[in-house]
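Report on one structure; see the data block that follows.
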Amino acid sequence: MILSLTRVACARGGRLLFAGVSLDLAPGEAMIVTGPNGIGKSSLLRVAAGLLAPFDGIVVRSAPVALMTDDLALDAERTLADVLTFWARLDRGGAARERVAAAIETVGLSPIAGIPVRLLSTGQRRRAALARVLASQVPLWLLDEPGNGLDSAGLAMLEQVIARHRAGGGAVVLTTHQPLSVPGARTLALDERVPA
Amino acid sequence: MSAAWTLIARDVRRGYAGGGAGLVCGFFLLAVILFPFAIGPDRMMLARIGAGAIWVAALLAALLPVDRLVAPDCESGWFDQVAVRGLSLPLVMLLRIVAHWLAFAPPLMLAALVASGLFGLDGAAVLRVELGLLLGTPGLAALAVATGALTAGLRGAGAVAGLLLLPLALPLLIFGAGDDGMGGAKLLAALSLLLVTGAPWLAAAAIRSVRD
């Protein structure tokens, strides 16, 4: 198992968001977390990433994690290639420049790899965040609304990238409000785990 | 080791980018120049208060970058990305202190040379001021990073940072500006060491509490 949650509960601001969430994710598997706004989908991903301590239950990760959220965390004044290389250097493994160049190519940002991040549009920022996930080359991806702001070509690219990652033995947990085609993905409906 | 180098290089670059270091030096020199205007052009008097004035100006200048040291990275989710990569947060904060010192102390010590000239300090006094700054600025950098972490996400963080940092920097000022030979320098170095070892833990705890 790459990721294993056992009866996990999450509380924010003194309120119990969800409880009794269990999931096991093996290599090649994908899980789509659904539910209305504010149900705790992002919090579940943060718990899985180890950024939030679960209120109850056990979280076990057996592999490094790549996390993609709304927060871009790319220095606005530096060029896309430089700032992605910075993060790739913090990931394990060498050849950061080459990994980043390949990732930028995959998400279709090669023509603008040399411009500062502050000039990127919303969709380009999402692609940049996805490129950071790709360049990290870790088995477990946690993607929070990865399709937000992407055009139809971007969504197709996203589906393709996820499929390739799973084919290579990776696992994905993602939240989405868009209809994303992730063949064979299991669904976790978080609104069924809200304590009465 | 290469991760440490990557983090330091990024923060040093940020420190010098956008004229950050120049701003600190400019502010420091302006603050120093105020003293002769306020006190009058009495050479003896200026030479006597010179070291103290330089230290007061250095403390005030140390406040300037505080709100840029940690808060932007808290807002942009930068620390989340660091955390998922399994890097130790106190270690990251220690590296940030090192980087801030590299971006803050050398320009300030150069500007202090100019300020020493303005006050007409003699060679021995200049050496004492520079040695004091060399030993005291690591402590100041640690305080600045810790204060920046504690005030990250607060409204009016700049004013709160001043209220927090200046009292804590008072011991540095006392031993830095004091004229009591090597004893004072040793105490100053000890204080700096204490601040540099303590501040990373404090800053990391503050950032974790913002994250939750």
Side-chain angles (χ1 to χ4, degrees), chain A residues 3 10-14 42-43 45-55 61 63-79 82-97 116-118 125 128-129 132-133 135-138 140-144, chain B residues 1-23 65 67-96 98-100 103 148 152-153 204-212:
Chain A
L3 174 70
C10 176
R12 303 305 311 271
S42 301
S43 296
L45 288 196
R46 291 175 72 80
V47 167
L51 293 176
L52 271 181
F55 182 69
R61 285 177 307 276
V65 184
L67 175 71
M68 174 178 173
T69 65
D70 267 345
D71 300 321
L72 192 60
L74 297 175
D75 293 341
E77 296 306 320
R78 299 187 63 189
T79 68
D82 279 355
V83 80
L84 286 176
T85 305
F86 164 79
W87 287 112
R89 288 212 174 104
L90 294 186
D91 293 313
R92 284 157 194 80
R97 283 248 165 232
V117 170
R118 72 187 154 85
R125 279 162 202 254
R132 173 172 49 206
V133 171
S136 67
Q137 296 183 343
V138 296
L140 178 56
W141 289 4
L142 304 172
L143 312 178
D144 193 1
Chain B
M1 202 57 222
S2 81
W5 181 243
T6 305
L7 284 166
I8 288 183
R10 180 242 182 196
D11 287 345
V12 169
R13 182 198 296 262
R14 266 161 50 96
Y16 282 101
L23 207 68
D67 58 343
R68 290 186 291 122
L69 282 176
V70 180
D73 284 344
C74 280
E75 280 163 28
S76 76
W78 191 89
F79 284 111
D80 291 346
Q81 289 295 334
V82 163
V84 296
R85 280 163 177 77
L87 300 168
S88 138
L89 201 47
L91 188 64
V92 169
M93 296 321 286
L94 177 65
L95 296 172
R96 180 153 297 198
V98 172
H100 176 47
I207 288 166
R208 276 196 205 101
S209 77
V210 172
R211 189 160 70 202
D212 287 344

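This is a predicted model, so every value here is computed, not measured. Note that these values count all heavy atoms, side chains included, but never hydrogens, waters or copies made by symmetry. All chains are named by letter (A, B, ...) in the order of the sequence lines, taking the proteins before the strands, and each is independently numbered beginning at 1.
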Next item on the list: Determine the minimum heavy-atom distance between A/Pro54 and A/Val47, stating which atoms define it.
Entry: CB-CG1, 4.0 Å

Margin query: For A/Leu74 versus A/Ala128, what's the shortest heavy-atom pair and its separation?
Written below: CD1-CB, 3.9 Å

Next item on the list: With sequence neighbours excluded, tell me which residues meet side chain to side chain contact (heavy atoms under 4.5 Å, CB included) with B/Ile8.
Entry: B/Val12, B/Leu95, B/Val98, B/Ala99, B/Leu102

Notebook entry, point to check: Which answer fits B/Leu87, side chain, backbone, both or neither, if we ask what part of it has an atom under 4.5 Å from a heavy atom of chain A?
Noted result: side chain

Next item on the list: Compare every heavy atom of A/Leu72 with every heavy atom of A/Ala129, then report the nearest pair and how far apart it is.
Entry: CB-CD1, 4.3 Å

Item checked: For B/Ala152 against B/Cys74, the heavy-atom pair lying closest together -> CB-SG, 4.0 Å

Item checked: Option in A/Val65, A/Leu142, A/Leu52, A/Leu90 with maximal non-hydrogen atom pairs under 4.5 Å from chain B -> A/Leu90

Notebook entry, point to check: Checking heavy atoms, do the side chain of A/Leu51, its backbone, both or neither come under 4.5 Å from chain B?
Noted result: both

Notebook entry, point to check: B/Ala17: what forms a side chain to side chain contact (heavy atoms under 4.5 Å, CB included) with it, not counting sequence neighbours?
Noted result: none

Under 3.5 Å, which donor-acceptor pairs link chain B and chain A? Put them in a table for me, please.
from	atom 1	to	atom 2	distance (Å)
B/Arg10	NE	A/Asp75	OD2	2.8
B/Arg10	NH2	A/Asp75	OD1	2.6
B/Arg10	NH2	A/Asp75	OD2	3.2
B/Ser76	O	A/Ala73	N	2.9
B/Asp80	OD2	A/Arg46	NH1	3.0
B/Asp80	OD2	A/Arg46	NH2	3.4
B/Gln81	NE2	A/Leu67	O	2.9
B/Arg85	NE	A/Asp91	OD1	2.8

Item checked: Shortest non-hydrogen contact between B/Ala204 and B/Met93, atoms and distance -> N-CG, 4.0 Å

